[in-house]
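Heads up, the thing below is written out as structure tokens.
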Protein chains: 2
Amino acid sequence: MSNPQPSPNNVTSLADRRLLHETVIDQLRDLIVQGELAPETKLNERVLAERLGTSRTPLREAIKFLASEGLVELLPNRGAVVAPLKPEKMKEVFVVLGALEALAGDLACRNATEADIADVRALHFHMLAHHAAGELAQYFKYNQQIHSRIMDCAGNATLAASYRSLNAHVKRARYLANLSRERWDKAVQEHGEILDALTRRDGARLQALLRDHLANKLVLVMEALDKRKAEAAR
Amino acid sequence: MSNPQPSPNNVTSLADRRLLHETVIDQLRDLIVQGELAPETKLNERVLAERLGTSRTPLREAIKFLASEGLVELLPNRGAVVAPLKPEKMKEVFVVLGALEALAGDLACRNATEADIADVRALHFHMLAHHAAGELAQYFKYNQQIHSRIMDCAGNATLAASYRSLNAHVKRARYLANLSRERWDKAVQEHGEILDALTRRDGARLQALLRDHLANKLVLVMEALDKRKAEAAR
DNA sequence: GTTGTTAATTTTGCATACAAAAATGGTTGC
DNA sequence: GCAACCATTTTTGTATGCAAAATTAACAAC
């Protein structure tokens, strides 16, 4: 049997063999979203490629991909930089996100199964637990999951993709916003109302709540951006 | 006045010297949107690069960029194909576009200058002229410009970018929808009401009109897709 | 004829090489 | 000292080369 192992014991599933440039896209996106690569950082291809353990070609492909998402900006003949975190841009993003989340809330009230809503409720109580314990990072994680879950309940993958793309910008800002206890409590209370509206499948109310929730978050982010700017000035 | 004019005969402005891969992005997008590269066409890198007069590297970068826009799909180790035109996907896109256009309409009613509205009106009458003359291609052109113009009046570049990206999918479908005279007349009439609502800056009404207008367009596209599918079946 | 297997071809994915443009640094003239 | 200019270095943009994977074709067994 001189079979050179064509594929009898092919254990690697199709999902496993991810391509290098795809992992690079994810790595680079994480670096940007988590602030390790600060806004307006120049992306030196040689240095970054080495850091990510790859060559320039897949890195450049990843940069183009993220440029379309708006996380990096392309400067002709001068490479690329991490997209700046401009207050004006952030306002725009929140307005669009508001419309997308509102739409998702409305659709979710119509399309969610009872099991879906039970899942959101479970996440909600996890979030409450971390809020009570003062664990901000964990709180953020479940908070984010709740919003994503509602988005998924809407049953519109295109909507979800647009949301995810824009939400990356907001996530970036989160790492520099520090929540006061008062604001934090308020956000948690709003989440209670959101869960309530979803449970009663009151689409109109859920829309309004999500919009308000985002508007309050925008205030937080703007304050953080102003503060950062003030610090940069002195 | 020491105007920094780097070189006297530097006619090429910064916008002019576009990079090869940027022109490739636009060329490839046009090929897809205008249907020259049909849905599900395999993108052979060697062939396409030759056709666009470039090498594989810029082409691959362009493909990654358009993948993020959703116009092409990446198949690991199997290259890329033009994104299929699935009815399900189209429905999703229209729902999201509806929310974005409605938002734009509302913002436009608040932010547009009188000059902006006059521009839209001018485009509207150009469109009417081409409708009267039965010139479908020119009608589409002005129709599209009206919607884009309203989008611009909203004064939210992020919103506009999201709209443009999703709208590319719809444009693709347009090339296979053939408008009956009745439907065409109805669309034109709707445009009259849209212009009216904008003129009166009635945001709530403009939102509703734009949503309905899109819903009607969706019906057209779905019919065209069904028809195409039926033809493909026999 | 169909199915399964294997060799040949093609195509993709990544790395590298090379050319053009931009950034840097140093020198000169004032 | 400093501004302008030119040479050097670095970095980007594009093309090409090469290995791995996938597709195709050919062929054998049933």
Side-chain angles (χ1 to χ4, degrees), chain A residues 1-28 37 40-68 72-83, chain B residues 1-28 37 40-68 72-83:
Chain A
M1 216 193 258
S2 60
N3 193 330
Q5 301 280 30
S7 58
N9 52 358
N10 184 5
V11 256
T12 55
S13 80
L14 222 133
D16 282 356
R17 44 199 171 102
R18 304 183 66 236
L19 292 172
L20 189 44
H21 71 252
E22 304 217 348
T23 73
V24 172
I25 288 173
D26 290 342
Q27 288 180 41
L28 188 51
L37 286 173
E40 291 170 88
T41 305
K42 196 165 180 328
L43 299 180
N44 183 305
E45 296 179 0
R46 197 174 42 77
V47 172
L48 245 187
E50 200 158 337
R51 177 168 176 182
L52 299 181
T54 179
S55 77
R56 285 176 57 216
T57 306
L59 174 62
R60 280 178 64 87
E61 293 179 357
I63 287 174
K64 296 297 176 296
F65 193 95
L66 294 178
S68 181
V72 313
E73 280 185 9
L74 303 176
L75 312 174
N77 289 315
R78 298 184 53 193
V81 296
V82 178
Chain B
M1 213 192 258
S2 59
N3 199 327
Q5 191 84 354
S7 56
N9 54 354
N10 182 7
V11 256
T12 56
S13 79
L14 220 133
D16 280 356
R17 45 193 172 106
R18 305 182 66 234
L19 260 24
L20 188 45
H21 71 251
E22 303 217 349
T23 72
V24 171
I25 288 173
D26 290 342
Q27 287 179 42
L28 186 52
L37 287 173
E40 292 170 86
T41 304
K42 197 165 180 326
L43 299 179
N44 184 306
E45 296 178 359
R46 197 176 41 77
V47 173
L48 245 186
E50 199 159 339
R51 177 169 178 182
L52 300 181
T54 178
S55 76
R56 285 175 55 216
T57 306
L59 173 63
R60 280 177 63 87
E61 293 179 357
I63 287 174
K64 297 296 177 298
F65 192 97
L66 293 178
S68 180
V72 313
E73 280 185 8
L74 303 176
L75 312 175
N77 289 316
R78 299 182 53 195
V81 296
V82 178

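In what follows, every chain begins at residue 1, and chains take the letters A, B, ... in the order their sequences are listed. A quick note: this is a predicted structure, and the numbers were derived from the prediction, not measured.
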Note, B:Glu61 side chain near B:Thr57 side chain (heavy atom, < 4.5 Å): yes
Atom CZ of B:Arg46 and atom P of D:dT14 are separated, to the nearest Å, by 21 Å
Just wondering, do B:Leu52 and B:Thr23 contact through their side chains at under 4.5 Å, heavy atoms? no
Residues in residues 51-60 of chain A with a heavy atom under 4.0 Å of DNA chain C, by number, are A:Thr54, A:Ser55, A:Arg56, A:Thr57, A:Pro58
Specify the closest pair of heavy atoms between A:Ala62 and A:Val24, including all atoms of both residues, with the distance to one decimal. CB-CG1, 3.6 Å
Under 4.0 Å between a side-chain N or O of A:Arg78 and OP1 or OP2 of C:dA21? no
What is the distance from CG of B:Leu74 to P of C:dT11, rounded to the nearest Å? 18 Å
On the nucleotide C:dG13, are OP1 or OP2 found under 4.0 Å from the side-chain N or O atoms that A:His21 carries? no
Tell me what B:Leu75 touches on the nucleic acid: a base, only sugar-phosphate, or nothing, going by heavy atoms under 4.0 Å. sugar-phosphate
Report yes if the side chains of A:Leu74 and A:Ile63 come closer than 4.5 Å at any heavy-atom pair, otherwise no. yes
For nucleotides 7-9 of chain D, which of its nitrogen or oxygen atoms have a protein nitrogen or oxygen under 3.5 Å away, and what is each distance?
none

Length of the line joining B:Glu50:CD and C:dT11:C1', which is rounded to integer Å: 15 Å
Residue from B:Leu48, B:Leu43, B:Ile25 passing side-chain contact (heavy atoms from CB on, under 4.5 Å) with B:Leu59: B:Leu48
Check whether any side-chain nitrogen or oxygen of B:Lys42 sits under 4.0 Å from OP1 or OP2 of C:dT12, and answer yes or no. yes
Just to confirm, is there a sub-4.0 Å distance from OP1 or OP2 of D:dT11 to any side-chain nitrogen or oxygen of A:Asn44? yes
From CD1 of B:Ile25 across to C1' of D:dG13 the rounded distance in Å is 13 Å
Check the distance between C:dC14's C1' and A:Glu45's CD and give it to me in whole angstrom. 15 Å
Whole Å only: how far is the CG atom of B:Leu43 from the C1' atom of C:dT12? 13 Å
For the student: nearest non-hydrogen atoms of A:Asn44 and A:Val47, plus distance: OD1-N, 3.1 Å
May I have the distance from B:Asn77 (atom CG) to D:dA21 (atom P), rounded to whole angstrom? 7 Å
